[in-house]
Structures are given as structure tokens and as C-alpha cells.
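Owing to the predicted nature of the structure, the values given are computational and were not obtained by experimental measurement. Whatever order the structure lists ligands and atoms in, that order sets their numbers, starting from 1.
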Amino acid sequence: MKYLSLNHKAPKANFEEATVNGIAPDKGLYFPESFVPLDKLMLETIDLMTKEQIAYEVIRQFVTDSIPKEELRKIVAETLNFDFPLIQINENTYTLELFHGPTMAFKDVGARFMARCLGYFNRNKKNQKIRVLVATSGDTGGAVAHGFLGVEGVEVVILYPSGKVSTIQEKQLTTLGKNITALKVDGTFDDCQAMVKKAFLDEELKEFNLTSANSINVARWLPQMFYYFFAYSELKKLKKKLVFSVPSGNFGNICAGMLAKKLGLPIEFFIASTNINDTVPQFLKTGNYQAKASSATISNAMDVGDPSNFIRIQALYNTTEDLKNDFSALSFTDKETKKAMKDIYKQSNYIADPHGAVGYLGWQKSKDQFPDAVGVFLETAHPVKFLDTVEETLEVKIQIPKQIKEVINKEKKSVQIKNYEQLKDFLQNKK
Ligand SMILES: *Cc1c(COP(=O)(O)O)cnc(C)c1O
């Protein structure tokens, strides 16, 4: 299977090329040229399979010859070495917890998978390291850094804005050591992002094999399909229709779910739940896609004004009318989100983080349309990652999980930089 560019002006690429390039030479997103629905028998017997077996069957056709079978099985197993519990909230509502990985955000799965693929692609180039350069406003950097920790042949350089990430997030970025270096930038996230972009275009840095690890990369995007198969394999026995509500920012996660449906997974409907950054809900209402600057909210990992993966969702459907048969998008305020956190806690003693609560709201608002379905909202981060908001809203104390305890007492190590020249100098002298 090959990948085409959604700008249609670049040559087709195989999985290895698409992963290493990140974005196509014409600046388009890579998208599978074609795919084959999964075997019906597999879907009928999915509840008898392990999560590693499910994931392998799902991802195989997207990787094809780029990675041999046994190696791919190993990569999948290493990627998924934690749990994905499905918790019942009320009679027809469940939440799928995606936050049990090393950094307690769902981005761990994509980051771990991509890291191991790149490590494999670089296996014979001992003297030629790949450098992954990422700018982060918080969660992405931690997941990417952790995903790549100890992967041979790959060095990771993370840029984060000084004083603008949470204490826990900073610890997660700066205490890993080994092949991970954190650069603390005097500036905002946008400054970090601008420096990274400049570095990718800098001819004098070509020899350093810079690559990106953002959610546009197919190796980060595709493994997110697994979640929907895992939930289905557990809920199949209910013999009810399934509706997913996905807290969405760049729309990569939900787009992977919609691809899972195209592969034959019987999902009735998808709800993209957003905060007030409502570019996609507005598009569905007006037919007009109007990107805008993002606004800050308590579900800050979804503060995105121009969701990069929405174009992939559109590529899965012929027309917007077709899309609307499978998909809706709803936007919620911080006030509604806090109220939802309280409601969930009252109903079932369940502590949801602000992102999960937005997902819950999407299903609450839609469920009357689906009287014979169960709804699953995805819980994309552990509440401890948004400690202040959660403790204040629910008047509870959250137990600090072991992944966080482990980093809290470690010493932070970072290199302070002020401008692009210092970044360049750092990259050139770290050969
Ligand atoms: C990144 C992120 C999201 C948004 O996911 P997309 O795939 O960008 O839509 C939601 N919740 C959390 C906690 C995140 O870190």
C-alpha cells in the first residue's frame, strides 16, 4: 500500500518514506491511497484476540513491506505495554481510558509506535543518527520524548516555552536524560514552533537528518485506530450500536476512528467534541471552513483553531452530506465542562479530566438521537495532568500515580536558549 499526498503534487510514498518525511514534499498530508476491509471472521472473533493481535491485524496493511512481520509484531507489543480500561459511567455510557501510558496522555501510543518504526528504519545507520525536533506546549513533548527514550539511532530535541508549561509537564520533559535533550526557550510556544520550522528549512542543517514527530505523521496517526477496536471487542457482547464521542483538537484521534469504520468496524456514529475552538462545528453548520486563532481553555490540549487532520476526514468521504451521516461536531464552554465534571462525579464517583468531560458532553447532548446505542467517550488524559482545575472543580484530592511520582523528585536538566542562532549552534555542535 502506498500513500499519496492530499495536495496531489508529490510522488507516492511507502510507509517508510511517509514516516521519515512526515509531510509530503508538496506540503500535503500523506493519506493511504487505498485499503482493504478487514476479514469479517476477524471482527466476529475479535473478543478472543489479545490487544497485540488486534493491533497487528489492523496496522499490517498500512505498513506492508516497510517492516517485516515479526519486527512489526514486536513494535506493536512494545507500544501497547499498558492497559486500556473501559469503565461504565451509567447505563448506556462508558469511558475508554487512554491515559495509562508513561506520560498519562493518549499521545503515548502514537509516539511509542512512531519511535520504534524510526528506530527500525535507522537500524543500519550507526553513524548517522536521526534527529527528532519538536516544539511543545505541554503534552506532545512529553509523550514524544518518552516514546523515543532509549531508542537507538534517534536523538530527540524538545523546545518548550520557559514558564509556560505546568510543573508536572516540565518535569516530564527535562528529567529523562539519555537521548533526550530539552531546550528551554525564552518565549512563547509560537516562538518554539517558528524556530523548529526554520530549522527544517535551513540548508546548513540538512546533514543532521532532522525530522518532526507531530500528529501529522502517519506513524503517529494510524495506531490510534487501535482504541476503537479495543472498545468494540469489549462491548460486542452487549449487541448494541456503538457511538463514540472524541474530545478533539487536531482531529487526528477521531479521524483514525473513522478510518477504523471504513475498515469494517461496526461503529454507528462519531461525535467530535470540542471546546470553544469550534472551527469544525461551525463548518458543519455553515458549510464554510474558517480557520481562526486559538483561544485558551481549561481543556488546553484542544486549543486548536485550524485542525490539521480535518482534511483527512474529508478525504474519507465524497461529500459533506455523506460525512454528516457518520459524524457531527459539538462545541462546549469551560463552564459547561466544569459542570459536566461535577455531574459525572456525582453520578458515579468518576473523576474525569476536562478533555474527557468535553467528550462526555458530546454524548449527553446526542444520546436521545441514539436510543438503542451505547456511547463511549474517550478519556484522553489522566486528571492529575490538570490537577488544579480538577481539584478545584470537584473539591477532591487526587492521588498522584506512580508515573508522576517517579519524575517529581528528579532533577530538571535543560539548556536555555534565546533565539534561532542558539538553536542552530546547539544542533551543529552536538554532532
Ligand atoms: C492532543 C490531545 C487531544 C486532541 O487530540 P487530537 O487527535 O489532536 O484531536 C485531546 N486530549 C488530550 C489530553 C490531548 O493531549
Side-chain angles (χ1 to χ4, degrees), residues 29 95-114 134-147 165-166 168-169 172-173 189 213-228 244-260 270-281 294 297-313 327 329-332 334 337 340-341 351-362 377-387 389-390 404:
L29 267 62
T95 182
L96 182 68
E97 294 185 346
L98 303 178
F99 57 66
H100 293 273
T103 73
M104 317 215 83
F106 86 97
K107 293 185 174 68
D108 281 329
V109 168
R112 290 168 74 76
F113 184 79
M114 177 182 168
V134 257
T136 186
S137 57
D139 268 358
T140 302
V144 169
H146 224 291
V165 302
S166 78
I168 288 176
Q169 286 172 333
Q172 288 182 320
L173 295 172
F189 169 66
N214 61 24
S215 68
I216 282 171
N217 198 297
V218 291
R220 266 195 63 190
W221 169 51
L222 293 168
Q224 304 180 95
M225 285 190 291
F226 303 159
Y227 315 142
Y228 302 85
F244 279 91
S245 174
V246 185
S248 296
N250 264 320
F251 285 64
N253 191 354
I254 193 165
C255 182
M258 297 172 84
L259 180 57
F270 291 90
I271 303 157
S273 301
T274 74
N275 57 33
I276 55 166
N277 293 285
D278 63 350
T279 304
V280 173
S294 64
T297 72
I298 56 169
S299 49
N300 59 26
M302 311 198 293
D303 294 351
V304 180
D306 187 8
S308 46
N309 283 294
F310 189 60
I311 185 163
R312 282 182 169 143
I313 292 184
F327 174 86
L330 299 168
S331 143
F332 300 95
D334 280 356
T337 306
M341 289 165 67
I351 299 178
D353 96 295
H355 303 77
V358 170
Y360 169 84
L361 281 168
F377 69 91
L378 302 186
E379 209 356 331
T380 46
H382 191 288
V384 76
K385 300 205 77 176
F386 302 89
L387 195 65
T389 306
V390 174
I404 305 293

Task: Close-contact set for ligand 1 against A381 heavy atoms, below 4.0 Å - done: 13 (C)
Open item on the list: Test your reading of the structure: does S248 have an N or O sitting under 3.5 Å from an N or O of ligand 1?
Closed with: no
TODO: Return the minimal non-hydrogen interatomic distance between L259 and L222, and the atom names on each side.
DONE: CD2-CD2, 3.5 Å
Task: Check against side chain to side chain donor-acceptor pair (under 3.5 Å), N309 and R312 - done: CA-CA 5 Å; N309 283 294; R312 282 182 169 143; 2.8 Å; yes
Open item on the list: Only heavy atoms of N250, strictly under 4.0 Å: list the atoms of ligand 1 that pass.
Closed with: 6 (P), 8 (O), 9 (O)
Task: Aromatic plane relationship, F386 with H355 - under 30° parallel, 30 to 60° tilted, over 60° perpendicular - done: tilted
Task: Proximity flag F99 to ligand 1, non-hydrogen atoms under 4.0 Å - done: no
TODO: Say whether Q224, considering both its backbone and side-chain N or O atoms, lies within less than 3.5 Å of an N or O atom on ligand 1.
DONE: no
Task: Winner among G252, G249, S308 once heavy atoms are compared against atom 4 (C) of ligand 1 - done: G249
- [ ] Output yes when the distance from some N or O of ligand 1 to some N or O of P247 is under 3.5 Å, and no in every other case.
- [x] no
TODO: Report the nearest protein non-hydrogen atom to atom 11 (N) of ligand 1: residue, atom name, distance rounded to 0.1 Å.
DONE: T380 OG1, 2.8 Å
TODO: Between A105 and ligand 1, find which residue part has any heavy-atom pair under 4.0 Å and reply side chain, backbone, both or neither.
DONE: neither
TODO: Return the option from E379, K107, M302 holding the heavy atom at the smallest distance from atom 2 (C) of ligand 1.
DONE: K107
